[in-house]
**Student:** 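Quick one: the structure is below, questions incoming.
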Amino acid sequence: MSLRRLVAGAVAGVLLAVGSVFPAAAKPSGNAERESLYRRMINLDHLNHLQDEVALGGREMAVTRIYSEYPDYGWVDAGEEGIGCVDDTARAAVVYLTDYERTGDRKSLESARKALNFVLHMQAEDGEFYNFVREDYSINRDGPTSRKSMSWWASRAMWALGNGYRVFRKEDPAYAAELRERFLLANEALQRKIGPDYGKYRRIHGQKVPAWIDEFDAFSNALLGLTEFYRAEPLPEIADSMVKLGDGLSRYQLGTFSEYPYRAHMDWSGSVQLWHTWGSSQPMALARAGKVLNRRDYIESARKAAEGIYAHLLTSGMIKEMAPTPSYYEQIAYGANRMVQGLIAVGEATGDAKYRRMAGLAASWFFGNNDADAVMYDFQTGRGYDGIVGPGKINRNAGAESTIEALMAVQSVTWDRQAARYLWADRSEVHSYRIFEAERAEAVSGSPEIVTPESPWTGESLYSDRVVKMSDGDALRIRVDQNRSETVQLEATFERQAEPKGRGTLSLIVNGKEVARRDTGGSPDADYLWREALRRVKLKKGENRIVLSYRGERPLILDNLVLQPVRSFAEFRLPGKEKVILLRDLERERNFLIGR
């Protein structure tokens, strides 16, 4: 029997033992049921094992060790970076603070204090933060991922400090006063970074990008910290920072319900093509901040992402990133958790239980509902595994990030009765997009040339593999076998040209009939890879022939053709042979969660 099946039985037993959270007719029985499930599923043993406790400057603190490798899971040297960092230790503090608030366990509160002490230790006099310490616990002041800055690690530090201030304000006012002082110092550094350009925009390929933020995914963590602080003490300067970040994050959201990138909040100011699952906390941060500030526009922005990119991934399956073609591996806990947290936050902010149910489906990734059919969080040991590296293949190392992100996801879902019902869902059927690579198509006119790019990375996007250079008069044919008659949306991934409109045309011919023409020019600045919906057409059952024909003055780079059903769905089996279906309808622009 596989490990997953063994753990599946154990988890099912746990869920049944706490009062059977699954039956639709069951009614909440108060906090006791929720707390029982939480305590059974949350195991801090491995996270505790990763804490390296040390006294620095006369103060007890804990450094979260970065790597822990299979099979013995001892600490592993992280090389030139250092042995531990603010990035992980700050997140560990959030886990411990959450555990204390859920259970009242004083050990978790003290573990949070030690982690926060390390975060304080790494703050510079100007409010910014260093990231890594070396083996001798000296601060790495020069490394590219450690030097003093207001970036990823500083944003995570603000999340931990803001959370810590809110919790310790009741438990230890003197310590909370120190956290408050240092948080406000960090906020001053944040304002220096984002304040001067607030309200200004830059243009990338015609898209409007807020100029006061560069790493949008990173600064969503700072917004989480500001929100926690504001919950405890609603200072005007904190609200000002929240609005500046909230405006920036919410206004960098591209695509539509049905078209790439599906209302995702983009992650990096240097690309309007690239979106990755890991670190994309914008919906989570916007929903929480919107609820606290009563900003309905922030909540609506987060809700649109839940209906767009998150529902798209739940019906099609987890990925690593898309730029614009999806890459599937390596899938990591950091990506899965941020979708879980975003959906939970949207559910809490809107009051719509559908999003919390979707969060439970997303969290089932940790319990085997994934490409590897493997458990990615082992509640018996507390280990979060480091990733799915291919179909049926996982990285069994259990480093700090994977363990922390897994714990965060399970902490959220087990504390939410609606979400917990779907924790052990298993995807039984998927009807979603298919990708047809251009280099595998049949040339039917001219001499299309298959080209291998020197690098898949263009500087802002990724070729999916080889590409085809199409010259004037070239045409490619793709044969599509359908097991049903249905309407699909056909999308082409090609390089939009920095040419005036009218100098290049891509034609779409389906079963002998031309159904669409698209101008391939019109980029205002440079050629760029993009995915564009060409037309919705009805394909017949059996073989369909799709031809892409090009006429133009310059060669066109074509990467692939995407076939997206207008009605895609994923069916999930639940314990007790029940099922739920998530249906995504592009024509009605609605998602339907059918079943319990």
Side-chain angles (χ1 to χ4, degrees), residues 253-265 275 277 283 287 299-319 322 324-326 339 342-343 346-347 350-362 364 369 418-419 422 425-436 480 482-493 508 510 515-516 531-541 544 546 561-574 578-596:
Q253 184 174 25
L254 301 182
T256 68
F257 179 93
S258 59
E259 296 183 13
Y260 182 85
Y262 314 110
R263 292 174 173 165
H265 296 95
W275 180 85
T277 57
I299 295 172
E300 179 61 12
S301 178
R303 189 195 67 80
K304 286 181 177 179
E307 292 284 349
I309 182 62
Y310 287 163
H312 173 74
L313 291 180
L314 283 175
T315 53
S316 61
M318 181 61 70
I319 62 172
M322 52 186 189
T325 304
M339 181 158 66
L343 288 164
V346 170
T350 62
D352 191 338
K354 176 180 74 173
Y355 301 111
R356 292 150 61 196
R357 296 169 69 195
M358 290 169 64
L361 293 176
S364 67
N369 187 22
Q418 289 287 341
Y422 302 93
D426 193 10
R427 186 182 284 106
S428 55
E429 184 179 356
V430 173
H431 182 62
S432 188
Y433 66 81
R434 288 185 284 168
I435 299 173
F436 298 86
V480 176
Q482 284 283 116
N483 60 9
R484 68 184 77 187
S485 173
E486 67 174 335
T487 300
V488 302
Q489 180 169 284
L490 295 174
E491 307 169 8
T493 305
L508 177 67
V510 178
V515 296
R531 186 159 130 201
E532 182 168 330
L534 303 178
R535 186 67 183 265
R536 292 177 185 173
V537 299
K538 188 167 185 178
L539 298 184
K540 63 185 180 181
K541 183 178 180 180
N544 296 263
I546 299 175
L561 179 75
V562 180
L563 186 156
Q564 173 67 59
V566 167
R567 291 179 180 84
S568 57
F569 67 87
E571 179 182 284
F572 301 87
R573 296 287 178 179
L574 305 179
E578 297 173 275
K579 68 180 180 181
V580 63
I581 296 173
L582 180 60
L583 172 66
R584 184 161 169 76
D585 190 325
L586 302 190
E587 289 185 338
R588 299 171 67 179
E589 294 199 346
R590 288 189 63 189
N591 300 304
F592 300 89
L593 196 55
I594 305 166
R596 293 186 336 108

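All residue numbers in this chain count up from 1 along the given sequence. All heavy atoms count here, side chains included; hydrogens, waters and symmetry mates do not.
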**Student:** Do the side chains of E307 and K304 get close enough for a salt bridge, i.e. N-O under 4.0 angstrom?
**Tutor:** no
**Student:** Could you walk me through whether R536 and L586 pass the side-chain contact (heavy atoms from CB on, under 4.5 Å) test, one step at a time?
**Tutor:** CA-CA 10 Å; R536 292 177 185 173; L586 302 190; 3.7 Å; yes
**Student:** So which heavy atom on R357 is nearest to which on G595, and how close?
**Tutor:**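 Of all heavy-atom pairs spanning R357 and G595, the closest is NH2-O, 3.2 Å.
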**Student:** Is the closest side-chain heavy-atom distance between K541 and R484 below 4.5 Å?
**Tutor:**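 Contact flag for K541/R484 side chains = no.
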**Student:** Holding to ring pair (Phe, Tyr, Trp, His ring centres under 6.0 Å), I want the full list of residues that pass it with Y262, two or more places apart in sequence or in another chain.
**Tutor:** H312
**Student:** For R427, which residues count as a salt bridge (charged side-chain N to carboxylate O under 4.0 Å, His left out) partner, sequence neighbours excluded?
**Tutor:**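 Residues passing salt bridge (charged side-chain N to carboxylate O under 4.0 Å, His left out) with R427: none at all.
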**Student:** Which residue is it: E532, Q489, R531? I am looking for the one with a side-chain contact (heavy atoms from CB on, under 4.5 Å) to E259.
**Tutor:**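 Looking at E532, Q489, R531, the match for E259 under the side-chain contact (heavy atoms from CB on, under 4.5 Å) is Q489.
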**Student:** Hey, does V488 have a side-chain heavy atom less than 4.5 Å from the side chain of V480?
**Tutor:**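 The answer is no; the side chains never approach within 4.5 Å.
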**Student:** Is the closest side-chain heavy-atom distance between R567 and E486 below 4.5 Å?
**Tutor:**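 No, too far: nothing below the 4.5 Å cut-off.
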**Student:** If the condition is ring pair (Phe, Tyr, Trp, His ring centres under 6.0 Å), which residues does Y260 pass it with, not counting sequence neighbours?
**Tutor:**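 Expected list: W530.
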**Student:** Of all the heavy-atom pairs spanning A533 and E491, show the shortest one and how long it is.
**Tutor:** CA-CG, 3.8 Å
**Student:** Tell me if a side-chain donor or acceptor on Q253 pairs with a main-chain N or O of R263 at a distance below 3.5 Å.
**Tutor:**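 Such a contact is found between Q253 side chain and R263 backbone.
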**Student:** Do you know which two heavy atoms are closest between L490 and V510, and how far apart they sit?
**Tutor:** CD1-CG2, 3.9 Å
**Student:** Check whether F257 forms a cation-pi arrangement with R590 (NZ or CZ under 6.0 Å from the six-membered ring centre, at most 45° off the ring normal).
**Tutor:** no
**Student:** When E571 is tested against each of I594, I581, L582, L583 for side-chain contact (heavy atoms from CB on, under 4.5 Å), which residue passes?
**Tutor:**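 Testing each of I594, I581, L582, L583 against E571, the sole residue satisfying side-chain contact (heavy atoms from CB on, under 4.5 Å) is I581.
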